[in-house]
Number of protein chains: 2
Amino acid sequence: MNKTWRLTSRETADWLRERDNFLILTHTRPDGDTLGSAAGLCSGLRDLDKTAYVLENPETTERYLDYVASYLAPVDFAPDFILAVDTADAAILAKNADIYRDQVDLAIDHHPSYTGYAKYTCLEADRAACGEVVYHVLMELSGAISAETALPLYVALSTDTGCFAYANTTGETLQVAAALLDAGADHRSVNKQLFRTKTKARMALDGELYTSLRYAYGDRVAVAVVTQELLARTGATENDLDDIAAIPGQVEGVSVGITIKEQTDGTCKVSVRTSPGVDANRICQKFGGGGHVMAGGCTVAASPEETVTALLEAVGEALS
Amino acid sequence: MNKTWRLTSRETADWLRERDNFLILTHTRPDGDTLGSAAGLCSGLRDLDKTAYVLENPETTERYLDYVASYLAPVDFAPDFILAVDTADAAILAKNADIYRDQVDLAIDHHPSYTGYAKYTCLEADRAACGEVVYHVLMELSGAISAETALPLYVALSTDTGCFAYANTTGETLQVAAALLDAGADHRSVNKQLFRTKTKARMALDGELYTSLRYAYGDRVAVAVVTQELLARTGATENDLDDIAAIPGQVEGVSVGITIKEQTDGTCKVSVRTSPGVDANRICQKFGGGGHVMAGGCTVAASPEETVTALLEAVGEALS
């Protein structure tokens with residue numbers, strides 16, 4: 001990690017208390033955790049009569065728009081302090097945050113890979129979501145959370161844990177979630193919208209993907225292929241593809257799930273999810289990509305069919 | 001409610017402490033809550049050196065077998081006290097529990113519709129799962145929960161709340177879940193098995209259902225039809241149909257989701273799920289069925305196609 005002042009959540013609360021006029025940054029391809037953490041932190045600071053805004057992230061999908069809408073900075077806002085949430089590296093800050101890249105004052109994060117790009121850092125790498133870290137900072141700051149603040153923090157926690165079903169969920173995650181519900185977060189509408197609703201197009205797309213899954217190596221490997229033709233036929237857009245890489249790995253007995261997304265430029269984006277014992281990172285490195293042991297990605301300059309063949313060959317080597 | 005002695009969770013703990021030799025009953029078509037509550041209660045009583053068994057429920061699906069296997073009563077077990085969990089009415093006890101139907105000593109339940117069939121009753125109708133009630137009773141009983149006891153209780157809570165995504169989830173549900181994780185419940189394996197895994201047959205079935213959903217009344221109504229032919233073609237069995245009634249209601253904008261399951265006797269089982277404003281109970285009553293405002297069921301003596309037509313007509317009246 002680079003040279004940065006590490007702060008505990010209490011010290012972070014003190015740091016924030018002594019300052020004002022904050023602009024909060026999020027990461028590129030924003031998910032519920034970075035957007036929810038930003039909105040929650042912003043709301044919590046406003047609850048203490050601070051001036052705080054979230055820098056609009058141009059890649060925000062419809063799914064999350066409502067949760068950040070009331071916190072977005074006006075174009076003429078001149079901040080005194082720059083905060084970043086859920087962002088492991090300044091290089092992955094949203095592209096329109098470029099001018100702030102080298103001047104982040106405080107980063108609040110939960111990634112073990114956090115690089116230390118900010119002057120001050122509140123890092124709790126054992127938390128399932130950055131929203132959990134923000135919650136603890138805000139509790140140190142004021143001892144209470146308003147319903148408005150609790151809502152986006154609940155979005156952060158629930159989306160980063162697949163509504164508490166992913167392996168990163170801990171007893172503390174559930175305790176914080178309980179506290180957010182008690183504070184008045186409307187989890188019912190969030191859960192309905194984010195976890196129990198699919199667009200008609202996504203339903204049709206999922207149907208086609210489920211019926212066209214290809215199995216290999218005695219059903220230990222499953223492959224989903226999303227072509228441009230399939231997207232056009234089902235009417236699905238980028239907004240409809242949330243968590244699509246999880247599909248093939250959901251089949252019982254499958255230890256390697258591969259999702260291949262044909263791009264408009266003729267290449268394919270590949271996502272590889274694996275069960276313990278198969279290294280997704282190593283498979284993706286063969287194609288110039290990378291990632292973690294259980295989730296990796298790469299881009300292959302080939303047609304979907306050629307990509308399927310190449311990936312299955314590489315996976316075969318990893319399995320043997 | 002019939003005449004029954006109402007006990008608080010503390011009084012229930014006292015009642016159990018003074019007795020021994022328990023047989024625990026579950027309800028017909030057993031779900032994770034009745035089985036998990038039974039296994040958890042049984043384990044908690046055994047932790048206190050009591051003799052306790054769960055009466056095998058012949059309808060237990062593969063999904064839950066592992067969680068109850070080590071608690072099942074031997075055929076020659078002669079109990080002194082009969083307990084029932086998660087069972088609103090003695091009439092819905094598992095069929096092989098017939099001989100105990102009129103002699104249940106203690107019922108632990110969370111259904112507002114509980115009829116009071118047991119001599120003693122511990123009813124907490126505001127709990128999302130019966131497992132939550134059992135947890136509180138066991139905490140009163142011994143002040144701690146073992147990892148073995150926590151596991152089936154986690155199954156009870158998580159299945160009854162759709163892994164904490166359903167509207168019945170409360171802050172207290174999440175607090176109890178947090179305590180079960182802290183006690184050592186292996187939530188990762190439970191979540192992976194119960195919420196993030198589908199059999200190959202279920203994946204194929206879901207795919208066919210998603211692509212063949214029928215929409216009506218400006219996409220406010222969606223209908224899924226599960227024919228015997230579809231089951232045969234995808235290889236799906238009764239074990240693969242868990243929560244299938246939730247599918248059509250998941251489509252964005254749909255306020256009435258209808259699932260029609262063709263039976264082998266030529267009739268169709270119908271499930272109706274509705275959003276607020278449409279009464280599922282009233283729709284199902286037209287066909288001799290019933291249920292709650294947001295979820296109802298009925299059986300129609302007609303072909304799947306005739307059933308679709310009849311249901312859509314009835315729903316049309318309810319919508320207008």
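At least one side-chain heavy atom of B:H110 sits under 4.5 Å from a side-chain heavy atom of B:D33. By the 4.5 Å heavy-atom criterion applied to side chains, A:S43 and A:D47 are counted as neighbours. At least one side-chain heavy atom of B:E238 sits under 4.5 Å from a side-chain heavy atom of B:K261. For the pair A:I283/A:I258, no side-chain contact is recorded, criterion being any heavy-atom separation below 4.5 Å from C-beta on. Residues A:K198 and B:Y210 meet the side-chain proximity criterion, which asks for heavy atoms closer than 4.5 Å.
Of the possible polar contacts, one joining the B:N281 side chain to the B:G291 backbone as a donor-acceptor pair under 3.5 Å is found. A:S37 places no side-chain N or O within 3.5 Å of a backbone atom of A:T34 that could act as its donor or acceptor partner. B:T274 places a side-chain N or O within donor-acceptor distance of the main-chain N or O of B:V293, the cut-off being under 3.5 Å.
Proximity to chain A (any heavy atom under 4.5 Å) is shown, for B:T169, by both the backbone and the side chain. Within the 4.5 angstrom heavy-atom criterion, only backbone atoms of B:A204 (N, CA, C, O) approach chain A.
Between B:A295 and B:A280, the shortest heavy-atom contact is N-CB, 3.7 Å. Here the closest non-hydrogen pair linking B:P152 and B:A39 is CB-CB, 3.6 Å. Closest of all the heavy-atom pairs between B:V272 and B:C284 is CG2-SG, 3.7 Å.
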Task: Candidate pair A:V315 and A:L319, rule side chain to side chain contact (heavy atoms under 4.5 Å, CB included), full reasoning - done: CA-CA 6 Å; A:V315 169; A:L319 284 174; 3.9 Å; yes
Task: Intermediate values then yes/no, side chain to side chain contact (heavy atoms under 4.5 Å, CB included), B:M294 and B:S275 - done: CA-CA 6 Å; B:M294 294 176 70; B:S275 301; 5.7 Å; no
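Contact tally against chain A (heavy-atom pairs below 4.5 Å) for B:S158, B:C163, B:G162: the top residue is B:C163.
Under the 30°/60° scheme for interplanar angles, the aromatic rings of A:F164 and B:F164 are found to stand perpendicular.
One distance of note links CG of B:L157 with CG of B:N168; it measures 9.5 Å at 0.5 Å rounding. Note that the CD1 atom of A:I260 and the CD atom of A:E305 stand 8.5 Å from one another [nearest 0.5 Å]. Separation of atoms CG (A:D206) and OG1 (A:T199) is listed at 8.5 Å; rounding is to 0.5 Å. Considering CE of A:M203 and CG of A:L205, their distance stands at 11.5 Å, rounded to 0.5 Å.
Listed in order of number, the residues of residues 239-257 of chain B that approach chain A to under 4.5 Å between heavy atoms are B:I247, B:G249, B:Q250, B:V251, B:E252. Proximity to chain B at a heavy-atom threshold of 4.5 Å picks out A:L213, A:Y215, A:D219 from residues 212-235 of chain A, in numerical order. Against chain A, the residues from residues 172-197 of chain B that qualify, each with a non-hydrogen atom under 4.5 angstrom away, are B:L174, B:Q175, B:A177, B:A178, B:L181, B:D182, B:H187, B:R188, B:N191, B:K192, B:R196, B:T197 in number order. Against chain A, no residue from residues 126-151 of chain B qualifies, as none has a non-hydrogen atom under 4.5 angstrom away.
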